[in-house]
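Note that ligands are numbered from 1 as they come in the structure, with each ligand's atoms numbered from 1 the same way.
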Amino acid sequence: MLNDSIRYIANQLYCDEVSVQSIADKIGTPVYIYSLKRVLDNLARIRLAFGELNPHVHYSAKANASLAVLHTIVKAGAGIDAVSGGEIYKALQVGTKPEDIVFAGVGKTRDELRYALEQNVGWFNIENVLELQHINDLAAELGKESARVALRLNPDVTAATHHHIATGHKAAKFGLSIETVKEVLAHRDQYSNVRIEGIHIHIGSQLHDTEATRQAVRVALDCIGPYPDIRTFNIGGGMAVRYSPEEQIPRWEDFGAAVTPLLKEYEVILEPGRSIIADAGILVMSLLYTKVQGGEPIYITDGSMAELIRPALYEAHHEIMPVMKTSEAVSQKAYHVVGPVCESADALGHDILLPELEAGSLLAVLTAGAYSMAMASNYNQRTRPPEVVVAEDGKSWRLARRRETWDDLTATEII
Ligand code: LLP
């Protein structure tokens, strides 16, 4: 989707004040380009949407953990939601205060827990009773007075989203069941080196309704009702972005309005990922070849599922647009846009309306800031693309990650 930062000026695609073509001319393709201005706008809009609750925003680094992105967000006062030792490490590298880091995840290793305790991270979101025991033991071993813990509840609600990114139904691997949360709370004095002071939910990503969230909040409130010292409520992330003009999604204000009456008495934590970075980013690629197979026109580009796996993995739709718009008079056709990777699933989009373009023309995949580079791989021994950031002033740009080289591909290997 186009927006205030990613838009056409005189038929040329721009990221803020910088023409996309001019970046691609210097850096080559494929390349990810992010508007830091849009990132900050999104952060501000989220804060506004939950205004009265005045939530602590912990950006979910899994959406895009590039240092330049993390740094911009942390500088603007947000904390980080990390799901691995690596994400904690990167968060600390950009100057996140340890107490502003929430450590979540369904399978934290003892080494990761130890590292997080040593670094004094602010919160541990617990998803397993044995994990709670590990933290309790490690805190004693490390002489940490007490670790602050939130129990991640699986509230058994089914979110309206793709089944691969729904996390709050009973059979999902995430969180502790309602019974387990109640049980742990009833026996919390067994864990003398931890302070269980919060409750955490995250029922899914790209949520298409607010009611399931409300329901999940109610279930959680019921669990913590008897424990008035539990004062922090982490409602996770999941706010949706529009991937196409037709997609109907709740406004972020609707999420705010849905939970505000229930949570006024609590310190609220939010963990938005996609909503902050998705529409601030594009993946720019070059058209390599055109083909017609079985009567269907195909554009083959130098971008692939290795750089953006969402269409292959979730049948996700992304808009794909020419960087240089042709005149309105040129007729458009529905193309399959595919990459060079040896997989039938390797497509960036199907039935994408595009004009006839020559090899070498640039195409931009929109709303590609979240879960793109973060999920990119070296499959087929492709080098991962560079990342460019357009600065907060909207005018200057710079390389934030260089393109990988073939030497990078072999750097960690031993013959
Ligand atoms: N908090 C927790 C505990 C999470 O598991 C997630 C995402 C978030 C926050 C951030 O959710 P967001 O605001 O970004 O929706 N790769 C998938 C999305 C996976 C989301 C995993 N958890 C995709 O490309 O759609």
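Aromatic pair His318/Tyr243: centroids less than 6.0 angstrom apart.
The closest side-chain heavy-atom distance from Ser244 to Glu319 is below 4.5 Å. The shortest side-chain heavy-atom distance between Met324 and Pro322 does not fall under the 4.5 Å cut-off. No side-chain heavy atom of Glu127 sits less than 4.5 Å from a side-chain heavy atom of Asn154. For the pair Val284 and Ile282, the minimum side-chain heavy-atom distance is below 4.5 Å.
Enumerated by chain and number, the residues approaching ligand 1 to less than 4.0 Å through a heavy atom are Ser60, Lys62, Asp81, Arg152, Ile165, His200, His202, Ser205, Gln206, Gly237, Gly238, Glu271, Pro272, Gly273, Arg274, Arg310, Tyr314, Tyr371, Met375.
Judged purely by distance below 3.5 Å, without hydrogens or angles, the side chains of His202 and Arg152 never pair a donor atom with an acceptor atom.
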